[in-house]
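Take a look at the structure set out below.
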Amino acid sequence: MSATTLLIAVFGLAAAVGLGWLAVEGINRRPIAGAFALFGWLAALTLFIDTPEVFVWNIGGINVVAADVICAFLALIAGLRLLRGFVHISKPLAVPLIIFIAMLGLSYARGLPAFGLQHATNEFREFFYFLAALGFVLSFPFERLGEKLLLVGVVGGATLAAVALIRLPMMGGITMDARPVPSYSALVIGQGFFTGWFWLKTGRRLKLWRWLIFALLPFSFLMLHRSVWMALAGGLAAVLAWDRAGRGGLLKTLVIGGVVGAVLIGLVAGDKIMLALDQAVEEATSSEESTFIWRLEGWEALLRQESGWNFVDLAIGRPMGSGYARTLGNSVVNTAEIESGVIPHNYYLSMLLRGGVVGLVAFVGLYLKLGKILRRAAVRSTPSVYPAAFLTLLVTQMIYYVPYSADFIQGLFLGGAVMLANSLTQPHEARS
């Protein structure tokens, strides 16, 4: 190598390090940009959901996805802030957090020598995205990032709704076989309504956004993901239970908005929408067509003794890379994908399989602890809008996790809930 080539390489490396450091410091000063980046990535992925390979690069034999880069960058920032002593979480919240994160890390560490880097990493991705977003929010005091997640959720939900509108003509309409967006994007659209409902309460000049925000709820419903319907129903119940000041307004809005929306939809595309809704309800109530039936069979198959369980696996989980293959004897669907190891379609079961009983108990225990703290704050005589807001988001998550997995957006919201609860238990926490 010539001296000139070496010099260019050194300067190139220095420039890359310098730009990387500037990026880290930029996000450190404005962490909301990191949250928006995750929503932006979700919008891009949803827009090109039919051609996801455009976001994949093969580096050294390992497939690297754009989300890997974004989440690794946010995890790096969280790690640096942790090393610099900027992370302060009370013990009652820190203990379950550390346990369930440690159990997943242990599963990955066990999977590397047993199944190799690629297989172990492919399975770890499902958890890494969630943990990276969670860790990023946890590294900032609630006032710096958590409370801004209401605005981020509104903008993110509206952006995903715009993506759905763009994809609608491509799908030729809305049917059970051609839904514009996947379930996790439909959930974010619906959660955009809930974050928007509480965001409107933070400023008098935000009322102009009212009907745009209210439109997100029926729009999410019309994406025809029945699991999202259940999550939205849980969220509405949570708002009615804990937002006492806004309870009457919400009921009034739901009635008026429901009537107006039904009339408009009926005039524009009533027959097509009703046909799609009938198809969704019929499939949900038919034992021969319901996807929930074969998911139940899959969960049972994964927990059978012949699937390879032992006491250690039950306690601390199986190594990443061991797969989720199972055979459904009398399933009404084609089992090829299930036998090849598709994820369990239940985040609690995924946590049990990879984090063991220890990890699952810590994970559920964290949600229960958060629920207790936030509920107590939400029913105070002069409550803030934030406890009820994040409590509502947690309810939607816990329902959604029954048929699907967590992702980085849910990691953001969980992180905001943790830091809010932390600020309520440590009201004089220093900002950094």
Side-chain angles (χ1 to χ4, degrees), residues 32-49 52 55 66-67 70-71 74 126 129-134 136-137 145-146 148-168 171 174 179-200 209 212-236 238-239 345 347 389-417:
I32 192 174
F36 273 125
L38 289 174
F39 276 91
W41 157 245
L42 180 60
L45 176 64
T46 303
L47 183 60
F48 298 100
I49 193 68
F55 299 110
I70 298 173
C71 289
L74 298 183
E126 176 192 5
Y129 297 157
F130 175 71
L131 295 177
L134 171 62
F136 177 68
V137 181
L145 179 55
K148 296 179 176 62
L149 290 180
L150 296 187
L151 169 61
V152 175
V154 173
V155 176
T159 302
L160 266 296
V163 169
L165 288 173
I166 294 173
R167 286 184 51 81
L168 194 57
M171 309 304 295
I174 303 176
R179 290 173 280 196
V181 299
S183 66
Y184 46 83
S185 297
L187 176 66
V188 171
I189 295 173
Q191 288 175 324
F193 163 75
F194 294 119
T195 57
W197 172 261
F198 292 100
W199 178 65
L200 290 173
W209 296 90
L212 171 62
I213 290 171
F214 288 164
L216 295 178
L217 184 63
F219 196 91
S220 175
F221 180 83
L222 291 176
M223 294 300 98
L224 300 183
H225 291 281
R226 291 157 304 191
S227 302
V228 175
W229 293 355
M230 299 304 295
L232 296 180
L236 287 172
V239 175
H345 276 285
Y347 201 59
F390 281 95
L391 193 55
T392 299
L393 292 173
L394 292 182
V395 169
T396 63
Q397 288 183 345
M398 296 195 74
I399 296 173
Y400 183 77
Y401 292 165
V402 173
Y404 287 107
S405 296
D407 57 27
F408 42 83
I409 300 302
Q410 305 315 315
L412 287 177
F413 289 146
L414 176 58

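Here the structure is a predicted model, which is why all the values come from computation and not from measurement.
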So do the side chains of I409 and L38 get within less than 4.5 Å of each other, counting heavy atoms only?
yes
Is a side-chain N or O of H225 found less than 3.5 angstrom from the main chain of V181, in a donor-acceptor match?
yes
Is there a side-chain contact between F193 and L236 in this structure, where contact means two heavy atoms from C-beta onward sitting under 4.5 Å apart?
yes
Supply the atom-to-atom distance L232 CG to S227 OG, rounded to the nearest 0.5 angstrom.
10.5 Å
Can you name the side-chain contact (heavy atoms from CB on, under 4.5 Å) partners of V163, sequence neighbours left out?
A43, T46, L47, R167
Are the side chain of S220 and the backbone of A186 linked by a donor-acceptor contact shorter than 3.5 Å?
yes
Between Y404 and V228, is any pair of side-chain heavy atoms under 4.5 Å apart?
no
Could you check whether any side-chain heavy atom of F55 comes within less than 4.5 Å of a side-chain heavy atom of W41, counting everything from C-beta outward?
yes
Check L165 against F219 and note the closest heavy-atom contact, atom names and distance.
CD2-CE1, 3.6 Å
Hey, could you give me the CD/OG1 distance between Q191 and T392, rounded to the nearest 0.5 Å?
10.5 Å
Name all residues meeting the side-chain contact (heavy atoms from CB on, under 4.5 Å) criterion together with I399; count only those two or more places apart in sequence or in a different chain, and write none if there are none.
M230, A231, V395
Could you tell me if the side chain of Q410 sits less than 4.5 Å from the side chain of L134, heavy atoms only?
no
Go through the structure and list residues passing ring pair (Phe, Tyr, Trp, His ring centres under 6.0 Å) with F194, not counting sequence neighbours.
none
side-chain contact (heavy atoms from CB on, under 4.5 Å) with F36: which residues, sequence neighbours excluded?
I32, V152, V155
Quick one: list whatever passes ring pair (Phe, Tyr, Trp, His ring centres under 6.0 Å) with Y129, sequence neighbours left out.
none
Going by side-chain contact (heavy atoms from CB on, under 4.5 Å), name the residues that satisfy it together with L394, two or more places apart in sequence or in a different chain.
Y367, L370, L374, Q397, L414, A417
To the nearest 0.5 Å, atom CG of L224 lies from atom CG of L222 at 7.0 Å
Only one of W199, W197, F198 clears side-chain contact (heavy atoms from CB on, under 4.5 Å) with V154; which?
W199
In this structure, CG of L42 is separated from OH of Y184 (nearest 0.5 Å) by 7.0 Å
Pairwise distance CG(L131) to CZ(F136) - rounded to 0.5 angstrom:
15.0 Å
Closest contact, heavy atoms only, V137 versus G416:
CG1-N, 3.4 Å
Tell me the closest heavy-atom pair linking F221 and W229, and the distance in Å.
O-NE1, 2.8 Å
